[in-house]
Amino acid sequence: MDFAPHHAMNLEEELLRTYAQEKRVSGVDGRRLALRFSAISQIGRTEDGGSRRIGFTREEQIAKEAVTEWMKEAGLEITIDGAGNVFGKIEGTESDAIIQSGSHVDTVPNGGHFDGVLGVLAAIEVAQAWKDTGYRPRHTFEVAVFSDEEGARFHSGVTGSRAMAGELNRDVQQGLKDEHGRSFENVLEDNNLSLDSFVEAKRDLTTYKAFVEVHIEQGKQLEKNDLPYGIVSGIAGPCWLEVTFKGEAGHAGNTPMNDRSDALVAASSFVTEVSKLPQQVSETAVATIGKMIVSPGGVNVIPGEVKVTVDIRDIDETHRDELFTLVQQAAEKAAVSQRAELGMVESIRVKPVPVDPDLYLLAGAAMEKASGHAPFYLASGAGHDAMIIGKQVPMIMFFTRSRRGVSHNPLEWSSLEDCVETIEGLKVFIEEVDQKES
């Protein structure tokens, strides 16, 4: 298919265009999945073919209402908590312990049609396939649709899952405002919610046996390895380091090169060095400098101050912290080279979230059983609802191949065949977990 925004045709038709429509013994129905993807894609459709369903807007709510109806069709019992999270449940025949799967339906301002939605539809499709084939789970199975994962409105994401996990800071949430100056509390009132109801959304997660989230990869590893999906080995935790180099501003024409303290030269050597450091630590470590502020910013003025922010991540906390130290050392060396003053401030430090080792093995075996492919494992550099739930519940994620790694963009694309194969792997995996004794 052409790699272009989805203007020309209904998304259902576009998904089905390259789909092999043979009968699937698993009960997973590609045509049903395509129809549902298409229906969601029409909610908050943007001019250039993307999706706009910001958290706590009418568009997000309409999408939740649509998936609620599909949950009912699959035989799920619906509840909505005080954070606006939607849950659909099938009671277990032998155990109240819960296996939960799901994601979100909100988007960034001009996102694609697969991020979040795939995880929700995948979980519903497993329940629908069970209903169609007569499978009754031993453990309670629950589909989750979390509110405001992207955090586009208040720049503070994974809001619904944080509420469920009891991680919300009431004072922090109360101080949030959107771009129109409306407070978080006022917006909640528009959605028939409140700060009190958010706090009350906290659940006892000791009753949960496992959480599994399906998501598009948002990278190119699966595409490069020609695989429909893979198993996440861990979710990286970010550290942000704000580095300030202070030199001496001066006239560009009258200051000799050997008599300068150029903050930008120091920052430039630092940026170059940082790009070399992650591979010294681990295969999954990354470091990114995406923001630089140069002052005073005149064409004919030697830069007197440069501020850069380094985003440092790894799925292993020890390796992440080792990389953080190497970055600090590189900043010190760069400052000395230009006789510049150095300031460093750590602004964010989030623990990486490992996947559960037992689920890791079960997921790999499920992939091999369902698809015939050997297990393929890859790290997640991005945050997900699974990152929040996984702090308290055994967690695993499945990633679906995403064409060219594009995400948060109208060009975002995963083929229907890859989505169906992922869901078949998910279904086998959940059944394996369901049959396994606690």
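What's counted below: heavy atoms across the whole structure, side chains too, no hydrogens, waters or symmetry copies.
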Quiz prompt | For Gly44 against Glu59, the heavy-atom pair lying closest together | solution = CA-CG, 3.9 Å
Quiz prompt | Distance, nearest 0.5 Å, that separates CD1 of Ile54 from CG of Asp148 | solution = 9.0 Å
Self-check item: Flag for Asn110-Asp48: side-chain donor and acceptor within less than 3.5 Å
Solution: yes
Self-check item: Between Ser38 and Asn10: side-chain donor-acceptor atoms closer than 3.5 Å
Solution: yes
Quiz item: How about Glu213 and Ser103: does a side-chain donor come under 3.5 Å of a side-chain acceptor?
Solution: yes
Quiz prompt | Value rounded to 0.5 Å, distance of CZ in Arg53 from OG in Ser51 | solution = 4.5 Å
Quiz item: Any side-chain heavy atom of Val212 within less than 4.5 Å of one from Leu426?
Solution: yes
Quiz item: Do Gln392 and Tyr208 get their side chains close enough for a donor-acceptor pair, meaning under 3.5 Å?
Solution: no
Quiz item: Got more than 12 heavy atoms from elsewhere within 6.0 Å of CD, Gln328?
Solution: yes
Practice problem: Using the ring of Phe324 (Phe, Tyr or Trp, six-membered ring only), decide whether Arg349 places NZ or CZ under 6.0 Å from its centre and within 45 degrees of its axis. | Solution: yes
Quiz item: What do the steps show when you test Ser402 against Gln218 for side chain to side chain contact (heavy atoms under 4.5 Å, CB included), and what is the final call?
Solution: CA-CA 6 Å; Ser402 182; Gln218 301 175 291; 5.7 Å; no
Quiz item: CG/Asn186 to CZ/Phe56 distance, rounded to the nearest 0.5 angstrom?
Solution: 13.5 Å
Practice problem: Would you please indicate if the ring centroids of Phe270 and Phe245 are separated by under 6.0 Å? | Solution: yes
Quiz item: For Gln279, does the CD atom have more than 12 heavy-atom neighbours from other residues, nucleotides or ligands under 6.0 Å away?
Solution: yes
Quiz prompt | Criterion ring-ring contact (aromatic ring centres under 6.0 Å, His included) on Phe376 and Tyr229, from CA distance to verdict | solution = CA-CA 8 Å; Phe376 182 82; Tyr229 67 98; over 10 Å; no
Exercise. Evaluate the side chain to side chain contact (heavy atoms under 4.5 Å, CB included) criterion for residues Ile124 and Val120: first the C-alpha distance (whole Å), next the side-chain angles of each, then the deciding distance (0.1 Å), finally the verdict.
Key: CA-CA 6 Å; Ile124 296 173; Val120 171; 4.0 Å; yes
Quiz item: Shortest non-hydrogen contact from Leu33 to Cys419?
Solution: CD2-CB, 4.0 Å
Practice problem: Classify the side-chain pair His215/Asp115 by whether it contains a donor and acceptor separated by less than 3.5 Å. | Solution: yes
Exercise. To the nearest 0.5 Å, tell me how far Glu283 CD sits from His319 NE2.
Key: 10.5 Å
Self-check item: Over all atoms of both residues, closest heavy-atom pair of Gly381 and Arg313
Solution: O-NH1, 2.7 Å
Quiz item: In Å and rounded to the nearest 0.5 Å, what is the CZ to CG distance from Arg162 to Leu168?
Solution: 5.0 Å
Quiz item: Just checking, is any N or O donor in the side chain of Asp204 or Thr207 under 3.5 Å from an acceptor N or O on the other one?
Solution: no
Quiz item: Using a distance-only test with no angle check, is there a side-chain donor-acceptor pair under 3.5 angstrom linking Thr400 and Asp418?
Solution: no
Quiz item: Are the charged groups of Arg404 and Glu223 less than 4.0 angstrom apart, N to O?
Solution: no
Exercise. Check Lys369 against Val428 and note the closest heavy-atom contact, atom names and distance.
Key: CD-CG1, 3.8 Å
Quiz item: Which value, rounded to the nearest 0.5 Å, describes the distance between Asp81 atom CG and Ser147 atom OG?
Solution: 7.0 Å
Exercise. Look at atom NZ of Lys391 and say whether more than 12 heavy atoms of other residues, nucleotides or ligands are closer to it than 6.0 Å.
Key: yes
Exercise. Please determine, by modelled atom types, if His104 and Asp106 share a side-chain donor-acceptor pair under 3.5 angstrom.
Key: yes
Self-check item: Worked verdict on Gln221 versus Arg401 for side chain to side chain contact (heavy atoms under 4.5 Å, CB included)
Solution: CA-CA 8 Å; Gln221 289 193 58; Arg401 174 165 45 188; over 6 Å; no
Quiz item: Using 4.0 Å as the upper bound for N to carboxylate O, is an ion pair formed by Glu432 and Lys436?
Solution: no
Quiz prompt | Smallest separation among heavy atoms of Glu368 and Pro375, with atom names | solution = OE1-CD, 3.8 Å
Quiz item: Considering only heavy atoms from C-beta outward, does the side chain of Lys307 approach that of Val243 to under 4.5 Å?
Solution: no
Practice problem: Taking Ser282 for its side chain and Pro278 for its backbone only, find out whether a donor-acceptor pair lies under 3.5 Å. | Solution: no
Practice problem: Please step through side chain to side chain contact (heavy atoms under 4.5 Å, CB included) for the pair Leu195 and Val199, ending with a clear verdict. | Solution: CA-CA 6 Å; Leu195 281 172; Val199 173; 5.7 Å; no
Quiz item: Going by atom types alone, do Asp196 and Ser194 pair a side-chain donor with an acceptor below 3.5 Å?
Solution: no
Exercise. Can you see which heavy atom on Leu359 is nearest to which on Met395, and at what distance?
Key: CD1-N, 3.7 Å
Quiz item: With no hydrogens and no angle check, is any side-chain donor or acceptor of Arg320 less than 3.5 Å from a backbone partner on Gly237?
Solution: yes
Practice problem: Indicate yes or no: at least one non-hydrogen side-chain atom of Met164 is less than 4.5 angstrom from one of Gln100. | Solution: yes
Exercise. Would you please classify the geometry between the Phe184 ring and the Phe198 ring as parallel, tilted or perpendicular, with 30° and 60° separating the classes?
Key: perpendicular
